[in-house]
Amino acid sequence: MNGLPTGRFAPSPTGDLHFGSLVAAVASFLDARSRNGRWLIRVEDLDPPREVEGAAERQLAVLERYGMVPDESPVYQSHSRKQHDAAIANLLDRGLAFPCACSRKQLPESGIYPGTCRNGIPAGLAARSVRFRTNHSVVDFVDQVFAKQTQLPAEQTGDFIIRRGDGLIAYQLAVVVDDAAAGITDIVRGADLLDSTGRQILLQRALDLPMPTYVHLPLVVDPNGRKLSKSDSDDPVANMVPRQALALALSVLGHPPPTDRQDIHSIWSWALANWNRARIPRGPVVVQTGRIEGYTRNVP
Ligand SMILES: [Zn+2]
């Protein structure tokens, strides 16, 4: 777009900001701003039934309290429905996607699509969802933390859904269209999305969109190994002391601030000067947010 590195944080408004999301926000913010780049926020509100009233606004308020203010007003993914539908129509027109009549119950337990409707919907059935045709394309990319990745979406998921049976747009399609529209050059996000990156790169290729750089962050887990966002010990960030939570987030990211940095501004200035992707561990990193002072780190 304007040649500047551009990163984004993309929260889902399904609850309060939790510590795992704070780590992603901090990393994406530092990765862009340490290179004098732009940092944006996109609220991923694609799934209204899962949304919690007011959650997006509360999450944005917490980020602001931490000093993370985006270069443009936050955008809401649901406002891009026209662009999402246009991309799906484009793929359908070119035979790169196809209507599917299968219900979840008709799919094998593996979740891998067996190709039932790939060559047309079986007689007597009606289209429900739209799937992207994966063929046998191998996707190679270099993640900046997890190194070289080789993914074969045809074997991981098979032809995958881009518009759901309930009419909602699938994450894989929306994330690709919206990142390209915003000129995102660097995607910094949790490692739980690493496996889906190959599907997103296939969509970028099919839609002739540029491929951003990928930086996947270590998963943050509780002492029982559960992902923090799904864990009972996951206190909302709003309940934490910002200085402590920021220092902990940086420690998770391999950048523990020097102990003489005692206020949030001096921690940020240290972090901006010292941010280095090569220091990010692959994790997973064990954190007990309920006892924020007594955390343990598990950095390989
Ligand atoms: Zn089908």
Side-chain angles (χ1 to χ4, degrees), residues 10 12-14 42 44-51 76-141 149-181 187 189-209 211-212 214 216 227 230:
S12 299
T14 51
R42 180 178 68 232
E44 300 205 320
D45 56 344
L46 282 177
D47 196 349
R50 291 185 57 230
E51 276 163 36
Y76 289 76
Q77 201 156 39
S78 60
H79 298 182
S80 306
R81 177 72 199 223
K82 259 190 206 153
Q83 289 85 333
H84 300 154
D85 281 331
I88 292 169
N90 170 348
L91 296 170
L92 283 167
D93 281 351
R94 294 156 59 218
L96 301 176
F98 61 90
C100 166
C102 303
S103 68
R104 198 182 293 251
K105 274 183 261 165
Q106 288 164 308
L107 296 177
E109 250 174 61
S110 68
I112 299 171
Y113 186 66
T116 316
C117 312
R118 196 180 284 152
N119 300 312
I121 288 187
L125 296 178
R128 298 163 53 96
S129 57
V130 176
R131 289 180 183 271
F132 181 78
R133 210 180 281 282
T134 51
N135 295 322
H136 286 279
S137 315
V138 177
V139 181
D140 286 315
F141 66 99
Q149 304 290 310
T150 299
Q151 297 185 1
L152 185 53
E155 286 185 1
Q156 287 174 283
T157 60
D159 303 335
F160 56 89
I161 288 185
I162 52 177
R163 186 161 61 217
R164 294 168 20 175
D166 58 9
L168 296 176
I169 302 295
Y171 170 78
Q172 306 296 340
L173 187 283
V175 72
V176 163
V177 169
D178 294 348
D179 281 332
I187 293 183
R189 62 184 184 186
D192 50 332
L193 290 164
L194 184 59
D195 282 350
S196 68
T197 306
R199 274 170 271 163
Q200 290 152 33
I201 292 173
L202 286 187
L203 286 170
Q204 288 156 7
R205 290 179 186 167
L207 294 165
D208 199 21
L209 299 173
M211 188 179 112
Y214 287 97
H216 282 91
K227 193 185 156 189
K230 306 221 181 341

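In listed order, ligands and their atoms are each counted from 1. Residue indices begin at 1 and follow the sequence shown.
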**Student:** Please report the number of protein N, O or S atoms that lie less than 2.8 Å from the Zn ion (ligand 1).
**Tutor:**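 For the Zn ion (ligand 1), the figure is 4.
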**Student:** Can you name the residues that form a salt bridge (charged side-chain N to carboxylate O under 4.0 Å, His left out) with Asp208, not counting sequence neighbours?
**Tutor:** none
**Student:** Not counting sequence neighbours, list each pair that qualifies as a salt bridge (Lys or Arg N to Asp or Glu O under 4.0 Å) and has a residue in residues 87-104.
**Tutor:** none
**Student:** Does Asp45 reach the main-chain N or O of Tyr76 with its side chain, forming a donor-acceptor pair under 3.5 Å?
**Tutor:**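 Pair absent, no side-chain N/O of Asp45 close to backbone of Tyr76.
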**Student:** Identify each donor-acceptor pair in which a side-chain atom of residues 122-131 lies under 3.5 Å from a protein atom, sequence neighbours left out, and give them as a table.
**Tutor:**
| unit_1 | atom_1 | unit_2 | atom_2 | d |
| --- | --- | --- | --- | --- |
| Arg128 | NE | Cys102 | O | 3.3 |
| Arg131 | NH1 | Asp159 | O | 2.9 |

**Student:** Within this structure, what is the CG-CZ distance for the pair Leu202 and Phe160, rounded to the nearest 0.5 Å?
**Tutor:**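 Spacing of CG (Leu202) from CZ (Phe160) equals 6.0 Å.
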**Student:** Do other residues, nucleotides or ligands put more than 12 heavy atoms under 6.0 Å from the CZ atom of Arg50?
**Tutor:**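 Incorrect, the count does not exceed 12.
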